[in-house]
Protein chains: 2
Amino acid sequence: MIKKNSPIPIYYQLGETIKELIEKGELKPGDVLPAEREYAEMFQISRMTVRQAFTQLVNEGYLHRIQGKGTFVAERKPKIEQALQGLTSFTEDMEARGMKPGSQLVSFEIIPATSLIAKQLGIQEYGPVYEIKRIRLADHMPMALETNYISANFIKGLTEKIVNQSLYSFIQEQLGMKISHATQVIESSIASELEAKYLQIQPGAPVMLIQRNTFLKDGTPVELVKSSYRADRYKFMIQLNR
Amino acid sequence: MIKKNSPIPIYYQLGETIKELIEKGELKPGDVLPAEREYAEMFQISRMTVRQAFTQLVNEGYLHRIQGKGTFVAERKPKIEQALQGLTSFTEDMEARGMKPGSQLVSFEIIPATSLIAKQLGIQEYGPVYEIKRIRLADHMPMALETNYISANFIKGLTEKIVNQSLYSFIQEQLGMKISHATQVIESSIASELEAKYLQIQPGAPVMLIQRNTFLKDGTPVELVKSSYRADRYKFMIQLNR
DNA sequence: AAGGAATAGTTGTCTATACCAATTGATATG
DNA sequence: CATATCAATTGGTATAGACAACTATTCCTT
């Protein structure tokens with residue numbers, strides 16, 4: 001399990017091992033871990049090395065320590081990861097609110113990028129871009145009208161079928177890209193005729209416009225999402241820790 | 001400078017000392033710090049203890065290390081601190097947008113807490129609460145209508161004069177309390193008669209409602225702020241890193 | 001002049017040990 | 001029965017030293 005003659009540091013190996021146990025569910029939130037001294041003896045390594053592994057996981061939000069009692073699996077997932085989840089996936093957002101998410105495809109096209117979209121996606125003007133329009137449902141009622149823009153050269157093999165599943169997990173898992181950060185712009189507006197029709201509200205009723213740009217670690221834009229949420233059904237919530 | 005027989009841990013003393021140097025500007029972004037072994041010899045402490053101090057500051061975003069080269073003062077302030085700044089102070093928010101912030105007091109009262117307010121401030125119902133209503137200006141034009149609620153037992157000595165300065169810095173600097181986290185709820189709505197009057201817009205025009213709850217480290221609520229922003233002038237922007 | 005080897009200085013990892021501080025539960029005591 | 005004390009167990013702090021990995025410089029060889 002732990003290789004002492006590996007170029008990978010022991011504390012790192014141990015840390016990853018514990019992370020896996022947590023993610024597999026073998027260690028559940030609130031569980032107490034074996035004591036530092038136990039790990040040290042178990043793997044025949046120094047207690048300080050165990051502490052180095054623990055400390056890193058504490059900093060990442062996986063564990064918390066209580067002097068005299070023990071080290072425990074944290075109740076919540078790491079805060080940064082949590083924040084991004086809420087931002088990236090409509091599905092998970094709705095599930096967190098106790099509602100059943102759904103989706104209804106309005107249109108699925110490849111269009112030439114307008115200058116504004118091209119700029120935001122970091123591609124050439126008139127370059128091919130997927131434009132995916134969907135009505136987002138919560139408990140079978142319209143919650144938002146969402147339009148995704150993704151460079152067709154960047155993400156290949158997108159089909160209507162995939163769109164019915166999670167676009168976000170397709171990007172992340174199938175293409176092996178890891179989204180590192182996102183910007184959101186939120187503004188308040190009133191529903192246009194078109195929005196009103198799709199959202200089943202009156203024209204002029206308040207809506208919340210959310211524009212999200214997501215990026216890879218190196219700053220490459222991944223996608224652009226413009227959404228109109230029904231103000232009577234949706235509140236945007238955010239918690240900033242520390 | 002470093003007291004070895006203090007109940008305060010040496011690594012913590014050293015960390016705070018270095019933080020002060022950075023905040024005073026004696027150590028500037030990009031500067032290289034004395035080597036770990038130098039610190040160890042300078043204060044007659046173990047190199048591992050120095051490392052513990054450094055590691056903490058690295059995690060907090062004050063320093064970054066490069067193996068073989070040295071330890072450097074980070075270029076930017078810690079991101080978490082940065083994020084909270086933008087959230088907590090209307091003044092700083094407007095300045096960041098290149099606008100001149102202003103304030104116009106509407107009312108300043110001590111009222112008995114409603115059950116909702118009492119619950120959010122963690123006090124007894126009907127307990128005394130400052131209710132501070134202000135029109136927030138940007139470039140001399142109304143931007144938002146803001147109402148603060150603060151427990152009068154918790155924060156004493158609040159006067160109308162103080163309100164004209166920064167309420168946030170009063171709490172933090174004068175009272176020595178450090179705000180650790182905040183939750184925000186953002187929703188979209190349309191202006192009531194009253195809001196329209198204060199914001200100089202038409203009733204029925206879109207507004208953005210922002211409710212912010214701020215807390216100390218131990219979870220004690222500090223204040224509750226309800227704001228109505230003019231949708232034609234204000235967009236809420238947020239960046240999530242990692 | 002170019003390239004490589006040696007070297008010194010840096011942070012990174014790891015060990016083994018010691019004692020302190022907080023919590024818990026068992027035990028003795030009133 | 002309540003309470004004080006003690007012992008065991010836990011994480012927290014600190015030491016001293018060793019070697020690895022990486023960087024930059026210097027100096028030597030070609």
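Everything numeric here is computed off the predicted structure, so don't read it as measured data. Hydrogens, waters and symmetry mates play no part in the numbers below; they use all other heavy atoms, side chains included.
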To the nearest Å, give me how far apart CD1 (A:Ile66) and C1' (C:dA21) are.
-> 14 Å
Would you tabulate the pairs of protein nitrogen or oxygen atoms and nucleotide nitrogen or oxygen atoms of nucleotides 13-17 of chain D closer than 3.5 angstrom?
residue : atom : partner : partner atom : Å
D:dT13  : OP1  : B:Tyr11 : OH           : 2.7
D:dT13  : OP2  : B:Tyr11 : OH           : 3.3
D:dA14  : OP1  : B:Ile10 : N            : 2.5
D:dA14  : OP2  : B:Ile10 : N            : 3.2
D:dA14  : OP2  : B:Tyr11 : N            : 3.2
D:dT15  : OP1  : B:Lys4  : NZ           : 3.4
D:dT15  : OP2  : B:Ser46 : N            : 2.8
D:dT15  : OP2  : B:Thr49 : OG1          : 2.5

Quick one: are B:Asn153 and B:Ile123 in side-chain contact, heavy atoms under 4.5 Å?
-> no
Hey, can you pull the donor-acceptor pairs under 3.5 Å for the side chains in residues 113-122 of chain A, sequence neighbours left out?
residue  : atom : partner  : partner atom : Å
A:Thr114 : OG1  : A:Ile117 : N            : 3.2
A:Gln120 : OE1  : A:Gln211 : NE2          : 2.9
A:Gln120 : OE1  : A:Asn213 : ND2          : 2.8

Could you list the residues that satisfy side-chain hydrogen bond (donor to acceptor under 3.5 Å, both in side chains) with B:Thr49, not counting sequence neighbours?
-> none
Does A:Arg37 or B:Gly70 map to a spot on DNA chain C nearer the 5' end, using the closest nucleotide for each?
-> B:Gly70
Got a sec, which residues hit side chain to side chain contact (heavy atoms under 4.5 Å, CB included) with B:Lys3, two or more places apart in sequence or on another chain?
-> B:Ser6, B:Gln13
Residues two or more places apart in sequence or in another chain: which of them pass side-chain hydrogen bond (donor to acceptor under 3.5 Å, both in side chains) with B:Glu146?
-> B:Arg134, B:Arg136
Interatomic distance, B:Phe54 CZ vs C:dT13 P [rounded to whole Å] | 16 Å
Using atom CZ of B:Arg65 as one end and atom C1' of C:dT10 as the other, report the distance to the nearest whole Å.
-> 12 Å
Rounded to whole angstrom units, what separation is found between the CG atom of A:Leu63 and the P atom of D:dT10?
-> 16 Å
For A:Arg37, what residues pass the side-chain hydrogen bond (donor to acceptor under 3.5 Å, both in side chains) criterion, not counting sequence neighbours?
-> none
Who are the ring pair (Phe, Tyr, Trp, His ring centres under 6.0 Å) partners of B:Tyr149, not counting sequence neighbours?
-> none
Any ring pair (Phe, Tyr, Trp, His ring centres under 6.0 Å) pairs touching residues 2-24 of chain B, not counting sequence neighbours?
-> none
Just the atom pairs and distances: protein N or O near nucleotides 4-9 of chain C's N or O, under 3.5 Å.
residue : atom : partner : partner atom : Å
C:dG9   : N2   : B:Gly68 : O            : 3.2

Residue set satisfying salt bridge (charged side-chain N to carboxylate O under 4.0 Å, His left out) with B:Lys69, at least two apart, ordered chain then number -> none
Output side-chain donor-acceptor pairs under 3.5 Å for residues 40-47 of chain A, partner residues at least two apart or in another chain, one line each.
residue : atom : partner : partner atom : Å
A:Gln44 : NE2  : A:Glu41 : O            : 3.0
A:Ser46 : OG   : A:Met48 : N            : 3.2
A:Arg47 : NE   : A:Glu36 : OE1          : 2.9
A:Arg47 : NH2  : A:Glu36 : OE1          : 3.0

Separation of C:dC14 atom P from A:Leu14 atom CG, nearest Å, is 10 Å
Any B:Met208 side-chain heavy atom under 4.5 Å of B:Ile186 side chain | yes
Length of the line joining B:Glu41:CD and C:dT10:C1', which is rounded to integer Å = 15 Å
Within residues 15-22 of chain A, those residues having any heavy atom closer than 4.0 Å to DNA chain C are none
